[in-house]
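Encoded as structure tokens, the structure appears first; notes follow it.
As the structure is a computational prediction, the values presented were derived from the model and not from experiment. Hydrogens, waters and symmetry mates play no part in the numbers below; they use all other heavy atoms, side chains included. In this chain, numbering begins with 1 at the start of the sequence shown.
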Amino acid sequence: MPHEEPARSPRSGEPEESHQLRRILRLFRPYRARLAVVGLLVCAASLVSVVTPFLLKEILDTAIPQGRTGLLSLLALGMILSAVVTSVFGVLQTLISTTVGQQVMHDLRTAVYGRLQRMSLAFFTRTRTGEVQSRIANDIGGMQATVTSTATSLVSNLTSVIATVVAMLALDWRLTVVSLLLLPLFAWISRRVGRERKKIATERQKQMAAMAATVTESLSVSGILLGRTMGRADSLTRSFADESADLVSLEVRSNMAGRWRMAVITIVMAAMPAVLYWSAGLTFQMGGPTVSIGTLVAFVSLQQGLFRPTVSLLSTGVQIQTSLALFQRIFEYLDLPIDITERDRPVHLDRVKGEVRFEDVEFRYDPQGAAVLEGIDITVPAGGSLAVVGPTGSGKSTLSYLLPRLYDVTGGRVTLDGVDVRDLDFDTLARTIGVVSQETYLFHASVADNLRFAKPDATDEELHEAARAAQIHDHIAALPDGYDTVVGERGHRFSGGEKQRLAIARTILRDPPVLILDEATSALDTRTEHAVQQAIDALSANRTTLTIAHRLSTVRGADQIVVLDAGRAVERGTHEELLERDGRYAALVRRDARLEPAT
């Protein structure tokens with residue numbers, strides 16, 4: 001797949017529209033050979049098609065008046081062959097151009113998806129999922145006609161117009177001048193219409209994205225549960241109806257923009273044969289140069305042949321203008337800056353011991369905003385365990401995101417076996433660090449497929465062993481379809497504890513030497529938490545473990561506990577040491593003790 005490079009700044013003084021057109025043309029560069037074949041077919045078809053009027057002229061002026069039956073038969077056969085050849089060439093050019101167009105769309109979809117896969121977590125926290133889906137589905141889908149047929153149509157119609165005008169000039173230059181007088185005006189009108197539709201298309205795509213986001217959020221399992229339990233189903237339906245009505249208005253405006261002006265052009269072009277007959281007759285009566293019947297009929301035939309590609313060219317110009325709005329939205333995503341990238345020569349670690357260090361770490365979501373983390377110095381020996389606790393908003397989860405580079409530090413550094421994680425390649429990070437979070441995500445697929453997401457080549461026995469370690473195998477085996485059971489949208493066919501154990505089994509299957517547990521049991525009841533904790537203990541054995549905890553009952557056995565408050569490490573030590581200090585940690589333990597009877 002060709003890689004769509006980020007947009008370069010337009011050349012000095014170059015209009016943005018021209019810059020976009022050049023960039024669109026670059027999308028077709030890998031398919032130049034096939035497009036050249038299309039161009040040859042188009043030119044050949046156009047040249048063959050303009051032969052027919054000349055054959056018709058000879059039939060009317062020579063073959064019929066002189067009674068030359070043989071010549072008449074040959075000319076008639078020539079007209080039939082012309083139609084056959086033109087049709088065959090048309091089918092071939094459609095096949096090739098459609099294939100190229102679909103490949104370009106595939107390249108765009110893949111490029112956008114790949115770009116989004118490389119974006120940092122921050123991008124997705126501020127962007128609605130439906131907006132992302134709309135860019136890939138609606139915007140790229142809306143360009144289908146443009147990339148599959150517009151280029152071919154442009155070349156075909158332009159070639160036809162040029163060939164037809166040359167043929168018309170060869171027949172009679174005066175009638176040609178009459179035929180072409182209004183074309184500049186028509187071109188100007190179509191350009192105005194195109195700009196108008198481009199503006200409306202931008203508004204329409206934004207509205208489609210907003211509606212897609214509403215559908216994605218409100219018709220998900222979680223959205224339905226929230227809407228039903230809050231009694232907002234009717235309200236959501238009304239909101240969707242309002243958004244849909246706005247889209248209807250934009251669609252009507254888009255389709256009607258410039259429609260009357262284009263209709264006038266069509267009427268004028270259709271009236272041209274009458275004008276030509278009138279002009280020829282008037283010239284003959286006034287004693288001017290005469291035009292033979294054959295020439296006049298052939299010329300009118302050419303003029304009518306000119307009408308179709310000319311109108312099509314004008315319409316294509318309008319379509320290109322409209323499509324620029326869609327391309328602009330796609331290019332916006334392709335030009336998104338990637339915050340987290342690999343070095344030119346990243347470090348690859350074949351064997352990882354698992355020592356983790358946070359060295360004077362600082363992090364800010366906004367470079368101009370307050371620090372979320374500041375002055376963090378923590379060392380976790382290979383195979384050791386660290387627990388990070390603190391009140392909500394103290395920066396616990398953010399700290400855990402820095403190790404797998406979901407975010408990058410804005411000060412200091414995070415190291416793995418002494419190597420800055422920013423210097424490591426992504427493969428080492430993904431292979432080394434496993435994450436089990438409170439928000440367990442399962443695909444709408446079978447249990448086996450969800451587990452194999454961590455290790456695609458895992459055998460059935462490996463799946464079973466991982467599930468046993470996570471204490472979920474017996475439950476899966478008892479299901480009617482066993483490991484082939486479809487978990488449902490976001491795993492809603494399973495309880496919270498079951499989903500957590502599936503996530504743990506998935507991580508066990510990947511077998512990472514470093515493990516991050518981000519409040520993995522905070523949403524569970526005490527009984528389920530105990531079962532999940534046993535699975536976590538099995539997972540944590542002989543691994544470097546970083547545990548983010550809200551419930552302190554899960555971290556008492558950690559080698560080291562760090563208490564965060566407002567982004568700073570205010571206490572550290574073992575469970576017993578921190579209790580003896582009777583500080584922040586001891587206060588959190590007493591809070592948990594008060595809340596325990598309510599669980």
(message) Whether D335 and R23 form a salt bridge (side-chain N of Lys/Arg under 4.0 Å from carboxylate O of Asp/Glu) is what I want to check.
(response) yes

(message) What I'd like to find out is whether the side chain of L349 reaches to under 4.5 Å of the side chain of T432, using heavy atoms alone.
(response) no

(request) Verify whether one side chain among S97 and Q93 offers a donor that lies under 3.5 Å from an acceptor in the other. (result) no

(message) Between the side chains of D425 and R431, is the shortest nitrogen-to-carboxylate-oxygen separation below 4.0 Å, so that they form an ion pair?
(response) no

(request) For P512 and G434, work out which heavy atoms get closest and say how close. (result) CB-N, 3.5 Å

(message) Restricting to non-hydrogen atoms, name the atom on L424 and the atom on P346 that form the minimum distance, rounded to 0.1 Å.
(response) C-CB, 4.0 Å

(request) Can you spot which of I340, D339, I338, L336 makes a side chain to side chain contact (heavy atoms under 4.5 Å, CB included) with R118? (result) I338

(request) Among R345, R343, R405, find the residue that satisfies the salt bridge (Lys or Arg N to Asp or Glu O under 4.0 Å) test when tested with D423. (result) R343

(message) How long is the straight-line distance from CZ of R34 back to CZ of F28, given to the nearest 0.5 Å?
(response) 12.0 Å

(request) Nearest 0.5 Å please: distance from the CZ atom of R452 over to the CG atom of L509. (result) 8.5 Å

(message) Is it true that, when you exclude F54 itself, more than 12 heavy atoms of the residues, nucleotides or ligands shown sit nearer than 6.0 Å to its CZ?
(response) yes

(message) Looking at every heavy atom in both L451 and Y483, which two are closest together, and how far apart are they?
(response) CD1-CE2, 4.0 Å

(request) Enter the distance from D449:CG to T485:OG1 here, rounded to the nearest 0.5 Å. (result) 11.5 Å

Throw together a table of side-chain donor-acceptor distances under 3.5 angstrom for residues 63-77, partners on residues two or more places apart or in other chains.
{"unit_1": "Q66", "atom_1": "OE1", "unit_2": "R68", "atom_2": "NH1", "d": "3.4"}
{"unit_1": "S73", "atom_1": "OG", "unit_2": "T69", "atom_2": "O", "d": "3.0"}

(message) Under a 3.5 Å threshold, yes or no: a donor from one side chain and an acceptor from the other, between D107 and Y31?
(response) yes

(request) Report the distance from atom NZ of K455 to atom CD of E462, rounding to the nearest 0.5 Å. (result) 3.5 Å

(request) Could you pull out the closest heavy-atom pair between I330 and V112, with the gap in Å? (result) CG2-CG2, 3.8 Å

(request) Report the relative orientation of the aromatic rings in F123 and Y333; use parallel for angles under 30°, tilted for 30 to 60°, perpendicular for over 60°. (result) perpendicular

(request) Count the heavy atoms belonging to other residues, nucleotides or ligands that lie under 6.0 Å from CZ of F426, then report whether that count exceeds 12. (result) yes

(request) State the CG-CZ distance between L108 and F327, to the nearest 0.5 angstrom. (result) 6.5 Å

(message) Using the side-chain contact (heavy atoms from CB on, under 4.5 Å) criterion, which residues pair with R329? Sequence neighbours excluded.
(response) E131, R135, D139, Q205, K206, A209

(message) Let me confirm one number: the CD1-CG distance from I80 to L55, rounded to the nearest 0.5 Å.
(response) 11.0 Å

(request) Specify the closest pair of heavy atoms between A45 and F89, including all atoms of both residues, with the distance to one decimal. (result) N-CD1, 3.7 Å

